[in-house]
Amino acid sequence: MRLLTHNMLSSNIKGVTNGFPLRIEVEKVVEKQVDLNPDFLRSMFSKIDWKALVHAARSIGYSELPDEADPSMLDSDDFLRRFHHALLQLHLEEGALICPETGRRFPVNKGIPNMLLHEDEV
Amino acid sequence: MWYLCVFYHRLLDYRKSEVESLAQLFGAFDPEGLDQQNPKGHCSLEWRLPQHHHPDSPFHFVNLPSEDVARKIANRSILVKGMYELWGEGDSYEELEESIKSYPDERKLPYLESGSTFKINVDTFGKVLSLQDQNQRIQGLSYIPFNGRVNLKNPDHKFWLMETDDYGSNNGLPPIVQRRIFFGREIGGADRKLIPTYQLKSRTYLGPTAMDAEMAFLMANQALASPGKLVYDPFVGTGSILVAAAHFGAMTMGADIDIRVVRDGRGPDCNVWSNFKQYGLPMPIALLRADNNLPPWRPGLNEVFDAIISDPPYGVRAGGRKSGGRKLLKGAVSPYVVPDDKRTDHIPSTAPYSLVECVHDLLDLAARMIIMGGRLVFFYPVLREDDYVENQFPEHQCFKLIASSEQILSSRYSRVLLTMVKISPYTEEIADAARIKHMEFRENHLKWLEDGNLHSAVFSPADSNSNASGEGKLSKESKPKYRGKYV
C-alpha cells in the first residue's frame with residue numbers, strides 16, 4: 001500500500017466521525033521504483049492532505065518532507081522527487097492501519113489493505 | 001477535412017463512439033467548448049455514409065480537423081481498420097477512374113514523386129478476390145502517374161483499392177443494390193497486434209468474468225486513458241480492465257470485496273500484480289479490499305479520478321456481494337459481535353448486492369470522485385426482448401450519457417457499454433439524496449429479496465424517476481435480428 005492510498009482512506013465504521021488519518025503500524029516497508037510523472041504529481045498535490053502525508057511518511061521512516069507545502073514548491077525538482085518518493089515509492093507491505101477513534105486494526109497483507117467491515121461495524 | 005474511415009466489421013455499436021472519444025483525446029474539438037467552467041463534456045463528429053450504404057456498413061466518412069488527428073485516432077483505435085484520404089470512388093471502375101482523375105493534382109502529386117516508395121493493397125468487403133484478380137485491378141490503375149518505386153515491405157505511401165460487393169451474399173448486412181469502389185491513401189490504421197498480445201488465453205491470472213482484451217481496450221479508449229491520468233475500477237477482480245488502461249499509460253487503482261482475488265490470487269506469480277508484470281506495465285498504484293456499498297474514502301476527498309472504468313457484477317454471470325449478512329440487514333438478528341481474539345482472521349459475512357443498488361452506489365461514487373469532464377465507463381445488462389431506449393439507462397444529474405454501445409451476449413441478454421461525462425459538480429444536496437437512497441436500499445433490500453420480487457421491485461416503472469436507477473417500461477418491439485445472428 002502506497003501512501004497515496006493511505007491519504008485517501010479513512011475508517012468508515014458506523015458511528016465513527018473522525019476516521020482520518022489512519023495510524024500506520026509498520027511491520028515491513030519496501031521501496032518500489034515508479035517512473036516520476038510531474039503532471040500526475042501536480043494534479044495529485046491539490047487532492048492530498050499534506051499533514052497526513054508528512055505524518056504517514058514519518059511513521060514509516062521517511063522524514064524528508066517539509067511540514068508545510070504550497071503549490072509553488074512543485075516547480076522544484078528536488079521537492080517533486082521527495083513528494084514522488086513519499087507518495088508512490090514507499091510501500092507498506094505488511095502492517096496495519098489503525099482507526100484513530102476506535103483503535104480498530106485494518107490489516108495490510110501483501111500490500112493490500114483490508115478495509116472490509118465486520119458485521120457489528122456496518 | 002473528410003476522411004474515409006473503414007472499420008473492422010465487428011462490435012458495430014462501438015465503432016463511432018470510439019472514434020469520437022479518441023477525437024476528443026487528441027484535441028479534435030475546440031477547447032473553448034470544453035473548458036472547466038462550462039464543460040459540454042462531449043462534442044460529436046460529423047459523419048456521412050457512402051451512397052446506398054446501410055449504417056452498419058464498414059465504410060464511413062468522417063470530418064476531422066487534420067490529417068495528424070486522423071492518424072492518431074486510427075493508430076490508437078481498436079476498431080478502425082484504416083483512415084484514408086479518398087482519391088476517388090465510384091460504382092464502376094470507369095467511374096472510379098474519372099473520379100481519381102478529377103481529384104486535384106496538388107493533393108496527389110506529393111505522394112507520387114519519383115524518390116518515394118509505395119504499395120497498393122486491394123481489399124474487398126463481402127467477397128474474396130484471387131491474387132490474379134487483385135493484380136489485374138492494380139494494373140488497371142495505370143492511369144495514376146506513379147513515379148516512385150514499389151516497396152511491398154516498408155513503403156512510404158500505402159494506397160488502398162477497396163471494393164464492396166453488391167451485397168447479394170450473406171455478409172451480415174441487408175442487401176443493397178449497387179457495389180462501390182474506393183481508392184485512397186492510407187493515413188493510419190489500428191494496431192490490432194495488441195489483441196493477440198493481451199488476449200486472455202495468454203494471461204496468467206484469470207477469473208470467470210475477466211474482461212476480453214479487445215473490449216477492455218475499447219473501454220480504456222472510451223475512458224480516455226492516457227499518461228498522467230488516474231483510473232479506478234471498484235470491481236477490479238483480476239485487473240483485466242486496468243491492464244488495458246495501464247497499457248495506454250494511465251495510473252490505475254482497483255478495489256474488490258473478495259480478498260482472495262486481490263491479495264492472494266493463485267500464488268506468488270499468479271495474481272493481479274503478475275498480470276501487469278507479464279506485459280511490462282507499471283503496477284497499479286493501489287489495490288485494496290473494499291466494499292463499493294460502504295466505500296472507505298475519507299470525507300472531503302473528491303474529484304481525484306480522471307475516470308472510473310468498471311464491469312459491475314450484475315448477476316448474469318457473477319453476482320455482487322456487499323457487507324452485512326442477510327439476516328443482519330433484515331434485522332432478524334443483532335450484529336454478531338466478533339470476539340477480540342478472533343478479529344484478525346474473521347471473515348465478515350456478506351449479502352447479495354442487487355444490480356440497482358450496485359449501479360446507484362457506482363454512480364454516487366463516480367459523481368463524487370471523478371473530476372469535472374472525467375468519464376464513467378461501465379457495462380449495464382439488458383434483456384434482449386426489450387426494446388431499450390436511452391432513458392432506460394441509469395441516470396445521474398452530474399453525468400451526461402454520451403455513448404451507449406450494445407454487445408449481444410446470448411439470445412436473451414446483451415450488455416451495453418455506457419459512457420458518461422461528468423458535467424456538474426457533486427453538491428451537498430446530491431450527497432444527501434444519495435444517502436437517503438442508500439438507507440432505503442438497506443431497509444428494503446431484504447424485504448424485496450424475501451418476497452421474491454426483488455427484480456420487479458427495482459425494475460418497476462415507479463422507480464424510474466429516481467436519480468440513480470431509471471428503468472423504463474417494457475415494450476415488445478425488438479431490434480433487427482440479423483445483428484444478433486451474424487455480428
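Basis for what follows: all heavy atoms, side chains included, without hydrogens, waters or symmetry-related copies. Quick note on labels: first sequence line is chain A, next is B, and so on, each numbered from 1.
- A:Lys32 NZ: more than 12 foreign heavy atoms inside a 6.0 Å radius.
- A:Leu88 touches chain B through its side chain: at least one heavy atom from C-beta onward sits under 4.5 Å away, while N, CA, C and O do not.
- Between B:Leu294 and A:Met115, the closest side-chain pair of non-hydrogen atoms is not below 4.5 Å.
- Under the 4.5 Å side-chain criterion, counting only non-hydrogen atoms from C-beta, A:Ser11 is not in contact with B:Pro296.
- Note on A:Asp39, A:Leu4, A:Asn37, A:Asn114: by heavy-atom pairs under 4.5 Å with chain B, the leading option is A:Asn114.
- A:Glu119 is listed as a side-chain neighbour of B:Ser349, based on a closest heavy-atom distance under 4.5 Å.
- When the candidates B:Val304, B:Asn293, B:Ile371, B:Asn271 are compared by the number of heavy-atom contacts under 4.5 Å with chain A, B:Val304 comes out ahead.
- Looking at B:Pro268, neither its backbone nor its side chain comes within 4.5 Å of chain A, counting heavy atoms on both sides.
- Residues A:Ile48 and B:Arg298 share a closest heavy-atom pair of C-NH2, 4.0 Å.
- Using a 4.5 Å heavy-atom threshold, the side chains of A:Val34 and B:Met283 count as separate.
- Residues A:Asn109 and B:Arg263 form a side-chain contact, since some pair of their non-hydrogen atoms from C-beta on lies under 4.5 Å apart.
- Put simply, CD on B:Glu303 and OG on A:Ser43 are 12.0 Å apart, with the number rounded to the nearest 0.5 Å.
- Using a 4.0 Å cut-off between charged side-chain N and carboxylate O, A:Lys110 and B:Asp264 make a salt bridge.
- With a 4.5 Å cut-off on non-hydrogen atoms, A:Met1 does not touch chain B at all.
- Of all the listed residues (A:Leu41, A:Asp49, A:Leu9), the one sharing the greatest number of non-hydrogen pairs under 4.5 Å with chain B is A:Leu9.
- Chain B forms the most heavy-atom pairs under 4.5 Å with one residue out of A:Asp35, A:Ile112, A:Ile13, and that residue is A:Ile112.
- Neither the backbone nor the side chain of A:Leu22 comes within contact range of chain B, judged by heavy atoms closer than 4.5 Å.
- The side-chain tip of A:Lys47 does not point at the ring of B:Trp297 from less than 6.0 angstrom away and within 45° of straight on.
- Nearest heavy-atom pair across A:Arg2 and B:Pro284 is NH1-O, 2.9 Å.
- The number of heavy atoms from other shown groups lying within 6.0 Å of CZ (A:Arg23) does not exceed 12.
- Residue contact with chain B, scored on non-hydrogen atoms closer than 4.5 Å, involves the side chain of A:Glu121 exclusively.
- Contact annotation for A:Asp120: both backbone and side-chain heavy atoms come within less than 4.5 Å of a heavy atom of chain B.
- Proximity to chain A involves both the backbone and the side chain of B:Ile285, based on heavy atoms less than 4.5 angstrom apart.
- Within a 6.0 Å sphere centred on NE2 of B:His438, other residues, nucleotides and ligands contribute more than 12 heavy atoms.
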* Can A:Thr5 and B:Leu288 be said to form a side chain to side chain contact (heavy atoms under 4.5 Å, CB included), step by step? -> CA-CA 9 Å; A:Thr5 322; B:Leu288 58 140; 4.1 Å; yes
